[in-house]
Amino acid sequence: MNPYVKAKNTPLIEINAPLFDEFKVKVFIKCDFLNHPQVQGNKFHKLKLNAEQAIIQNKTQLLTFGGAFSNHIAATASLAKSLGMSSYGVIRGEELEHQPNKWSHTLKTAKENGMAFIFISRKQYKERANRQYLQDLQVQFPDAFIIPEGGSNALAIKGFAMLCCELNQQCPNWTHLFTSVGTGGTLAGLSSYAYQCLEGAAMDIDKEVIGVCALKQGSYLIPQIEQWQNAAHDHKAIKMARWKLLTQYHCGGYAKTNRELLTFKADFEQAFQIPLDPVYTSKTFLAFYKELTSGNIVKGSQVILYHSGGLQGNPD
Ligand SMILES: *Cc1c(COP(=O)(O)O)cnc(C)c1O
């Protein structure tokens, strides 16, 4: 375990409903929103090894990229603060620079945790993964450890190995794991390490990781997800889960909602007393219900819904 960055193990709880009995499936929620108060859910797993690497390299700043609603921006700011480092957020949308009254809850929280912002235009933001651009940025910020948008890089993907081990100890026989997709880093990590810490008969269970895209036209993410999966295993032949990306459940696009989604969110929270966020987990859990009622999940399945956090973005 990383000596600098710690999170709690989180419960896996079974939820019950007549619908699940009708389709003869068991449904569990992995409550990872409880792992860390500020660096919540998947963001913790993605940042853990990055922060460790920054410390090893004697960097004193974390610098990363995101939009105004990026949970990763808020997570990076509070992680940097807790490690005594400073942080920079390169934020999409230059118009925000002089309009702090229009800042999202997320940006305000990051700022309170000491993050300095660099606002850039949408056009400039497209350069965020460009080699030359990143080299220039590193020259400008020599003490910064630069983390890509959404925190997704090879170190982030590796960070999911421990979570998968924990999940497999809680429920070795799971068959389906639903997870939310922004960049696809979490999907890459969970699919790569799906058989972590299993042995014997449990290795033969057919496991599928199902990513639900929170943004429109998400299929462009697939080649990058495959690259991360390959890097995760360092070319060793380790058994991976089957996986797929569902792109039809974005409910209007990134950070957009519609009436159906908001109704589902309220009903689910009421029924199970588990809070959801509108950007990611609500869409993913709704997608599960739709896949179930469409007959896409065979009877006897053991389904895990991964609650990846994101609650910091909810307005108070
Ligand atoms: C950031 C985030 C995601 C998306 O994760 P990716 O690894 O970028 O796909 C999913 N759920 C929540 C709650 C998030 O904050």
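Whatever order the structure lists ligands and atoms in, that order sets their numbers, starting from 1.
- The distance from ligand 1 to the heavy atoms of Val181 drops below 4.0 Å at these ligand atoms: 9 (O).
- Between the side chains of Ser191 and Gln229, a donor-acceptor pair is found at a separation under 3.5 Å.
- Within ligand 1, the atoms closer than 4.0 Å to a non-hydrogen atom of Gly184 are 6 (P), 8 (O), 9 (O), numbered from 1 in the order shown.
- Geometrically, Lys30 does not engage Phe160 in a cation-pi contact defined by less than 6.0 Å to the ring centre and at most 45° from the axis.
- Of all the atoms in ligand 1, the ones that sit under 4.0 Å from a non-hydrogen atom of Asn71 are 14 (C), 15 (O).
- Neither the backbone nor the side chain of His72 comes within 4.0 Å of ligand 1, counting heavy atoms alone.
- Within the 4.0 Å heavy-atom criterion, neither part of Leu187 lies near ligand 1.
- Each of the atoms 13 (C) of ligand 1 lies under 4.0 Å from some heavy atom of Gly310.
- No side-chain donor-acceptor contact under 3.5 Å links Thr10 and Asn35.
- There is no side-chain donor-acceptor pair under 3.5 Å between Tyr133 and Gln124.
- The ligand atoms of ligand 1 that sit less than 4.0 angstrom from a heavy atom of Lys46 are 5 (O), 6 (P), 7 (O), 8 (O).
- Summary of contacts: the protein heavy atom closest to atom 8 (O) of ligand 1 is Thr183 OG1, 2.6 Å.
- Set against the non-hydrogen atoms of Ser308, the atoms of ligand 1 under 4.0 Å away are 10 (C), 11 (N), 12 (C), 13 (C).
- When each atom of ligand 1 is checked for a heavy atom of Gly309 under 4.0 Å away, the hits are 13 (C).
- Of the protein's non-hydrogen atoms, the one nearest atom 3 (C) of ligand 1 is Asn42 ND2, 3.3 Å.
- For the residue pair Gln132/Asp136, the side-chain donor-acceptor check at 3.5 Å is satisfied.
- At a cut-off of 3.5 Å, with distance as the only test, no side-chain donor of Ser87 or Lys81 sits close to an acceptor on the other residue.
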